[in-house]
Protein chains: 2
Amino acid sequence: MKIDPGKPDDLSAQIAGAIRDAIVAGTLIVDERLPSEAELAEQFDVSRSTVREALKRLAAQSLIRTQRGATGGAFVNRLSFEQACSQQITTSTLLLSMNAVSFGTACEARYALERACAPLSAARRTADHLATMRGEIHRQSQPELSDEAFCASDVAFHRALVDGAGNPVLSYQLAGAVEAMQPLMNMITFTARDRARIIDLHRGVADALEARDGAATLAALTALETETQALAHSVFAARAKKRP
Amino acid sequence: MKIDPGKPDDLSAQIAGAIRDAIVAGTLIVDERLPSEAELAEQFDVSRSTVREALKRLAAQSLIRTQRGATGGAFVNRLSFEQACSQQITTSTLLLSMNAVSFGTACEARYALERACAPLSAARRTADHLATMRGEIHRQSQPELSDEAFCASDVAFHRALVDGAGNPVLSYQLAGAVEAMQPLMNMITFTARDRARIIDLHRGVADALEARDGAATLAALTALETETQALAHSVFAARAKKRP
DNA sequence: CAATTTTCATATGTCTGACAATTAATGTTT
DNA sequence: AAACATTAATTGTCAGACATATGAAAATTG
């Protein structure tokens, strides 16, 4: 585990890279303790500050955790699905907002991915997943709900659908696609009629899943995508007319 | 943008969080320059070291970039698809290796997601995508290829399929699922007969895409998944027998 | 002897101050 | 006007110090 003492600055990035490589390669295993900051400083022949900056970089990616005290130090962190999900959600959200991804593109990706879950979810969804979905549908039908809360409930509904597939890898990969849509959805103002249509389509999805009918689930999701795209299109068109 | 001066240490994490929130909320926009380290230290009432550790955390997530010199400083970074992809790949890879995800689970997720791309890719793939896939198939048929190189080529083939959908969001979301399979695939030793079967199935996928036939692409992918799962199953079963 | 308290060594968290290196803007000279 | 030197601002790095947390060993106590 060495670094190039040559030209480029940013020693902390090099050190972080070296340690990261060791973790990825399996040289450092989960829960193993890294040398103390002082020892690392000596090994890499840099100051403690530089080592600390390197460790902070790794901590930001949840690759290590640190503990104070006599038996403390930096430990290789077991990356949990939960941590990975939340990281992916913030990354996805930023990616969409910073690159001016169109609603249509994001929506297409989201529904394409959800359709990938449909057959699995129809086969494996538990009563719990179905209950969550029904509960969200019920919440969505309360007229006093704010648009933002309506979108949040929509996200919860879709997450239940994805989780129903019973494949944690799939749930992880889709978390970003599902959640990152929320800010985009929040740009839409829903009329009561809009909400009623969406709720109807949600009910269709839930019914198909209850019947364990994969094909019907697919069809229901496609109908939901069509409706969502049309709704967004009309809202954005109206807004463009108002403020040209 | 304030921090709680109360109990918890890890001021650098709090500061990083505050700045991250400002970026996500849009208070800080792309390419905007943050205050200098000295100014931030004063604003947050901490030392410059602490500010630096916070900035390194953000840099590790590609949220900022830093530049030295008179007009230098920390700038809000436009998160590119490329950066986001490479981050997601390392996260996905680590997630799978650290959590002992079974080959079957990962493989199921990967093919479910790729099937989501099939109809779009059949409709939109360019000649370039097809050429890449044919090229990889050709490479795979060279018998002197190492198992590792064969897997790498397999990944390249699948990435071309995904990219063919012409949806950058989709490509980003699937990058992790496709690439993170490589270490798992590398655990398999392929016989010449195994390779031939896989190449045949790859050819089937490419043919279906060439014909712009979404349904056929789906079927070809499903056949490929079945073959892959069966192959992995037999390899692992044989290994378990040898070393019980 | 067992339980509790104290002490202590070790480690991270933070601060201060300094210097090196880089870079754009500014000033100076030819 | 162009080439060169100076300067100011800013990050990168270092050294040393102190604060704080924490487990383990040592001392104390019932």
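Chain letters run A, B, ... following the sequence lines, proteins first and then strands; every chain starts at 1. Just so you know, these numbers use all the heavy atoms, side chains as well, and skip hydrogens, waters and symmetry mates.
Atom-to-atom, CZ of Phe75(B) to P of dA24(C) comes out at 10 Å; the value is rounded to the nearest Å. Distance CD (Glu53(B)) to P (dC15(C)): 10 Å, rounded to an integer number of Å. One can place CG of Asp10(B) at 13 Å from P of dA21(D), the figure rounded to the nearest angstrom. One interatomic measurement links the two molecules: CZ of Arg52(B) to C1' of dT13(D), which rounds to 8 Å at whole-angstrom precision. Separating the CZ atom of Arg68(A) from the P atom of dA21(D) is a distance of 5 Å, rounded to the nearest angstrom. Distance Gln67(B) CD to dG12(D) P: 10 Å, rounded to the nearest Å. Taking atom NZ of residue Lys56(B) and atom P of nucleotide dT13(D), one finds them 7 Å apart after rounding to whole Å. In this structure, CG of Leu11(A) is placed 16 Å from P of dA20(C), rounded to the nearest angstrom.
Residue-level contact check: Ser49(A) touches the bases, meaning some heavy atom is under 4.0 Å from a base atom.
We find that Glu108(A) and Arg124(B) are joined by a salt bridge, their nearest charged nitrogen and carboxylate oxygen being less than 4.0 Å apart.
In summary, the aromatic rings of Tyr111(A) and His158(A) are positioned with their centroids under 6.0 Å apart.
Shown for residues 30-37 of chain B: no residue has heavy atoms falling under 4.0 angstrom of DNA chain C.
Not a single donor-acceptor contact under 3.5 angstrom links the side-chain atoms of Arg48(B) to the base of dG17(C).
Taken from CG in Leu79(A) to OG in Ser62(A), the straight-line distance is 6.0 Å, to the nearest 0.5 Å.
Not one side-chain nitrogen or oxygen of Thr71(B) sits closer than 4.0 Å to the OP1 or OP2 atom of dA24(C).
Take the nearest nucleotide of DNA chain D for Gly73(B) and for Ser47(A): the residue whose nucleotide is more 5' is Gly73(B).
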Taking it one step at a time, do Leu63(B) and Leu94(A) satisfy side chain to side chain contact (heavy atoms under 4.5 Å, CB included)? CA-CA 9 Å; Leu63(B) 289 181; Leu94(A) 272 169; 3.2 Å; yes
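In this structure, Leu34(A) and Phe75(A) have side chains that are not in contact, with every pair of non-hydrogen atoms separated by 4.5 Å or more.
Under the side-chain contact (heavy atoms from CB on, under 4.5 Å) test applied with Gln173(A), the options Gln88(B), Arg110(B), Gln173(B) reduce to a single match, Gln88(B).
The nearest pair of heavy atoms linking Ser12(A) to Thr50(A) is CB-O, 3.6 Å.
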